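A short worksheet on the structure shown next.
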2 protein chains.
Amino acid sequence: MPETAHPTADGPQITASHRELLDQVLDKWSLQVLDALCERPSRFNELRRAIPAVTQKSLTATLRRLERNGMVERVIVSSRPLAVEYRITPLGTTLQDLIDALLRWTTVTMPDVERARARFDDQEA
Amino acid sequence: MPETAHPTADGPQITASHRELLDQVLDKWSLQVLDALCERPSRFNELRRAIPAVTQKSLTATLRRLERNGMVERVIVSSRPLAVEYRITPLGTTLQDLIDALLRWTTVTMPDVERARARFDDQEA
DNA sequence: CGGTATCCCCTTTGATACTG
DNA sequence: CAGTATCAAAGGGGATACCG
């Protein structure tokens with residue numbers, strides 16, 4: 001047993017590489033990009049319009065990272081004037097299922113969370 | 001229908017408040033704190049020892065945030081010398097189930113991810 | 001023991017300009 | 001259209017010191 005293991009762990013360990021992967025695919029922009037690409041394949045500027053708050057730079061970085069991790073595919077459709085289409089991969093859809101589960105969790109628990117926040121903030125003041 | 005809705009959305013929407021909640025409970029330290037507290041209730045310095053890389057400041061901030069969101073409970077056990085125990089709440093355990101699902105996903109897909117990364121990094125060079 | 005307060009750094013983020 | 005390059009701004013995180 002590795003020295004970092006929990007004596008009675010019943011779930012998978014949190015390793016650095018697992019955390020890194022989650023960081024790279026569950027961040028603010030990745031969630032929205034994956035969501036948009038699950039709807040339909042999209043071009044770069046289509047994604048910008050679908051996610052108004054994202055900057056070029058952040059969108060590029062997000063797409064490259066998702067592509068590197070095998071979550072999205074970059075397809076050059078034509079070379080004149082230059083069209084690039086991004087699509088979700090089968091691997092990406094397995095992540096989307098988890099993201100949906102997370103969003104359902106936030107929806108379900110948000111009332112409890114807001115009560116907890118109100119209680120916490122009250123006894124602060 | 002809100003203007004930000006997906007025309008054919010089949011999952012929950014990503015709203016700012018939902019994203020904010022996920023940011024506050026799925027970050028690097030929160031995962032490890034929740035994991036540790038699922039094992040057993042722990043004192044502050046116990047947690048520091050369980051998670052060697054975390055600083056006082058980050059651990060305090062993480063615990064306060066999780067407490068505010070109703071995921072952990074702060075219990076003052078005695079006032080001499082001063083003992084504080086942190087415990088996971090029922091709401092926190094519902095999150096732990098999802099974290100376990102995420103970690104299982106990373107375990108299962110990591111081989112595919114690593115192949116994708118190798119392919120991507122190769123065609124870079 | 002269980003924190004808070006302060007300073008500082010350093011990475012991410014954003015704005016802007018330019019390119020194939 | 002689909003980016004890259006550069007610089008400025010901001011915020012999180014760490015080190016250190018101090019308090020109840």
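Here the structure is a predicted model, which means the values were calculated and not measured. Atom set for the values below is all heavy atoms of this structure, side chains included, hydrogens, waters and symmetry mates excluded. Here is how names work: the chains are called A, B, and so on, in the same order as the sequence lines, proteins then strands, and each is numbered from 1.
- The shortest heavy-atom contact between Leu66(A) and Ser30(A) is CD2-OG, 3.8 Å.
- Note that CD1 of Ile14(A) and CG of Asp35(B) are 4.0 Å apart. Values are rounded to the nearest 0.5 Å.
- We find that CZ of Arg74(B) is positioned 10 Å from P of dG2(C), with the value rounded to whole Å.
- Residues Val54(A) and Thr62(A) form no side-chain contact, since every pair of their non-hydrogen atoms from C-beta on lies 4.5 Å or further apart.
- Across its full length, the helix from dC1(C)-dG20(D) to dG20(C)-dC1(D) shows an angle of 50° between the axes of its 5 terminal pairs at either end, rounded to 10 degrees.
- Linking Ile, Leu, Val, Met, Phe, Trp and Tyr residues whenever their side-chain heavy atoms come within less than 4.5 Å places Met110(A) and Ile99(A) in a single cluster.
- Residues Val75(A) and Tyr86(A) are not in side-chain contact: their nearest non-hydrogen atoms beyond the backbone lie 4.5 Å or more apart.
- Nucleic acid contact for Arg64(A): sugar-phosphate only, since backbone atoms but no base atoms lie under 4.0 Å from a heavy atom of the residue.
- Here Arg87(A) pairs with Glu85(A) under the salt bridge (charged side-chain N to carboxylate O under 4.0 Å, His left out) rule; sequence neighbours left out.
- Residue pairs meeting the salt bridge (charged side-chain N to carboxylate O under 4.0 Å, His left out) criterion with at least one member in residues 15-32 of chain A, sequence neighbours excluded: Arg19(A)-Asp23(A), Glu20(A)-Arg117(B), Asp27(A)-Arg65(A).
- Salt-bridge formation is detected for the pair Arg115(A)/Asp112(A): a Lys NZ or Arg NE/NH1/NH2 atom is positioned less than 4.0 Å from an Asp or Glu carboxylate oxygen.
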Quick one: what's the B/S/- string for nucleotides 7-20 of chain C, heavy-atom cutoff under 4.0 Å, read 5' to 3'? B-----BBB-B--B

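- For residues 68-79 of chain B, every residue pair satisfying the salt bridge (charged side-chain N to carboxylate O under 4.0 Å, His left out) rule, not counting sequence neighbours, is listed here: Asp121(A)-Arg68(B).
- Where DNA chain D meets chain B (any atom under 4.0 Å from a heavy atom), the bounding nucleotides read 5' to 3' are dG13(D) to dG20(D).
- At a threshold of 4.5 Å between non-hydrogen side-chain atoms, the residues Leu37(A) and Gln96(A) do not count as touching.
- Residue Asn45(B) contributes atom CG, which lies 9 Å from atom C1' of dG3(C) at whole-angstrom precision.
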